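FYI, side chains are in, hydrogens and waters are out, and symmetry mates aren't considered; it's all heavy atoms of this structure. All values derive from a computational prediction rather than experimental measurement.
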Amino acid sequence: MFDIDTKCVQSGYSPKNGEPRVVPLVQSTTYVYDTPEEMGELFDLKREGFFYARLGSPTVDALEKKIADLDGGVGALCCASGMAATTLTALNLCRTGDNFISTSTIYGGTYNLFCTTLPKYGITCKFVKPDAGIKEIESLIDEKTKFIFCETIANPAMAVADFGKLSAVTKKYGIPLIVDNTLATPVICRPFEFGADIIIYSSTKYLDGHATSLGGIIVDSGKFGYLGNPRFPDFNQPDESYHGLVYAKDFGPMAFLVKARGQMMRDLGAQAAPFNAFLTILGIDTLHLRMPRHSSNALAVAKMLKDNPAVEWVEYGGLESDVNYPLTKKYFTNGMASGMVTFGIKGGREAAAKFQKALKLFRIVTHIADARSCVLHPASTTHRQLSDADLVKCGISNNLIRLSVGIESEKDIIGDVKNALEASQK
Ligand SMILES: *Cc1c(COP(=O)(O)O)cnc(C)c1O
């Protein structure tokens, strides 16, 4: 068994004699077979192989193998974006009339999907605060509840998932725990080790790490029991679109992923582009070097903010005084807490605007988690569709500023933020 550092560099692709050292970028939508029988078996899911890029292709496959190995899963499914990964996962488990539970402090796009779009198709979400007790969560579960969803580190509310609590509930009721691990990455946290069943990434963020490629990934632990589980008839009844195969019976630990690819990806078509997968693989090759640097730079920024007179409050799970510090210590590797820091600026929206305009190194972008430092004011951008009441439910105040601390020099980063804070109060 290799260390995670080695896996970041080497996993997913292992060339044979005379083959290219670097995973090839295979830019072909279609694959050739000598006989119609072989092609037919692929369509029946009786044989593994590529035939049409909506269902899979070699470069995308290498990325799936790499991330599955990093997380300790049985496999993965790459999607066109993080949102596509979350949508396909929800639809793979739910049909009209079903519901699920999610912590309320989640990414704005996911919040919209859960509280606006999925309900239009009869799939509803019950939100709980991240610190909700086991009893409260249990009281929301009925026979139509299909999963519990949370983010390892909530974007941008910063709450750290209490895996022990959530997985105790999911195990008791026989439903999967789904974790969006985008902000932590497998270098900082591996949720399968703490009871998660499915992990989702927006690979657009740290996995790519260079702001070049949109992408999403679903990783499955392969450990959840679908077979005979009365909550999941779609895994236990014949799929007539594949001549009556039964996912839980015929595919064992691969049931979730085979169904996600064979039904959801086939019919909804949110496949990852090979070139994006190629760039994301290059990104992951250095993930184990970038995450410690993002984390140490962010910790330095958080410490500086804590003592700055222009700052009302700071949230960073790596700060010993932070409410999330105990969970950070319990679940994260080597004290790392990733690169995102949020704080409340004195002077509200007006000071927030002045602060952003005075920054030189941090640029205003709708993005986080790339090598370059960046800044965003959610109340006037990503979360502007939400009412003030909804903002509070998501754990966001109107003076919240989100910094995504990059991997530049710590001294330069601190200098830039300090200068801009001073300018914000004038
Ligand atoms: C960005 C993000 C997403 C959505 O990913 P896209 O690739 O932009 O679709 C989902 N979850 C989290 C935590 C994110 O930061």
Q. Is a donor on one side and an acceptor on the other found under 3.5 Å between the side chain of Asn308 and the backbone of Met304?
A. no
Q) Can you check whether Ala300's main-chain N or O pairs, donor with acceptor, with Tyr316's side chain at less than 3.5 Å? A) no
Q | Contact summary for Leu88 and Ala260, nearest pair of heavy atoms | A | CD2-O, 4.5 Å
Q) Can a salt bridge be assigned to the pair Asp131 and Lys129 using a cut-off of 4.0 Å between side-chain N and carboxylate O? A) no
Q) Does a side-chain N-to-carboxylate-O contact under 4.0 Å join Asp69 and Lys65? A) no
(Q) Keeping Arg54 on the side-chain end and Gln271 on the backbone end, is there a donor-acceptor pair under 3.5 Å? (A) no
(Q) Using every non-hydrogen atom in the two residues, find where Ser295 and Ala337 come nearest and quote the distance to one decimal. (A) OG-N, 3.6 Å
**Q.** NZ/NE/NH1/NH2 to OD/OE distance under 4.0 Å, Lys66 and Asp285
**A.** yes
Q. Side chains of Thr280 and Asp208: donor-acceptor distance under 3.5 Å anywhere?
A. no
**Q.** Ring centroid separation Phe114 to Phe149 under 6.0 Å
**A.** yes
Q: Determine, for Phe192 and Lys223, whether the Lys NZ or Arg CZ falls below 6.0 Å from the six-membered ring centre while staying within 45 degrees of the axis.
A: no
**Q.** More than 12 heavy atoms of other groups within 6.0 Å of Tyr33 OH
**A.** yes
Q. If only atom types and distance count, is the side chain of Lys259 paired as donor or acceptor with the main-chain N or O of Phe235 below 3.5 Å?
A. no
Q. Counting distance only, does the side-chain N/O of Tyr331 pair as donor-acceptor with the main-chain N or O of Val160 below 3.5 Å?
A. no
Q. Is a donor on one side and an acceptor on the other found under 3.5 Å between the side chain of Glu315 and the backbone of Thr342?
A. no
Q. So which pairs with a foot in residues 4-22 pass salt bridge (Lys or Arg N to Asp or Glu O under 4.0 Å), sequence neighbours left out?
A. none
Q.
Looking at Glu408, is its backbone amide N or carbonyl O close enough to the side chain of Asn297 to form a donor-acceptor pair, meaning the two atoms are under 3.5 Å apart?
A. yes
(Q) Tell me whether the count of non-hydrogen atoms from other residues, nucleotides or ligands lying under 6.0 Å of CZ in Arg349 goes above 12. (A) yes
(Q) Please tell me whether Thr124 and Asn99 have a donor and an acceptor in their side chains that are separated by less than 3.5 angstrom. (A) no
Q.
Check for me whether the distance between the ring centres of Tyr226 and Phe224 falls short of 6.0 Å.
A. yes
**Q.** Check: Leu70 and Cys8 side chains under 4.5 Å, non-hydrogen atoms
**A.** yes
Q.
Taking NZ in Lys306 as the centre, count heavy atoms belonging to other residues, nucleotides or ligands within less than 6.0 Å. Is the count above 12?
A. no
Q. What pair of heavy atoms forms the shortest contact from Asp322 to Gly317, and how long is it?
A. OD2-CA, 3.8 Å
(Q) Using every non-hydrogen atom in the two residues, find where Val179 and Ala196 come nearest and quote the distance to one decimal. (A) CG2-CB, 3.6 Å
Q. Is there a donor-acceptor pair closer than 3.5 Å between any side-chain N or O of Ser338 and the backbone N or O of Met340?
A. no
(Q) Take a 6.0 Å sphere around NZ of Lys418 and say whether it holds more than 12 heavy atoms from other residues, nucleotides or ligands. (A) no
Q) Around atom NZ of Lys165, are there more than 12 heavy atoms of other residues, nucleotides or ligands at under 6.0 Å? A) yes
Q: Please check if the side chain of Thr59 supplies one atom and the backbone of Val26 the other of a donor-acceptor pair under 3.5 Å.
A: yes
(Q) Under a 3.5 Å threshold, yes or no: a donor from one side chain and an acceptor from the other, between Tyr201 and Asp71? (A) yes
Q) Under 3.5 Å, is there a donor-acceptor pair between the side chain of Thr204 and the main chain of Gly215? A) yes
Q) Lys172: what forms a salt bridge (charged side-chain N to carboxylate O under 4.0 Å, His left out) with it, not counting sequence neighbours? A) Glu138
Q) Looking at Ile188 and Met291, what are the two nearest heavy atoms and their distance? A) CD1-CE, 3.9 Å
Q) Only one of Tyr173, Phe256, Phe232, Phe100 clears ring pair (Phe, Tyr, Trp, His ring centres under 6.0 Å) with Phe147; which? A) Phe100
Q.
Could you tell me if the side chain of Glu151 sits less than 4.5 Å from the side chain of Thr105, heavy atoms only?
A. no
(Q) Counting neighbours of CZ on Arg363 that are heavy atoms of other residues, nucleotides or ligands and sit closer than 6.0 Å, is the number greater than 12? (A) no
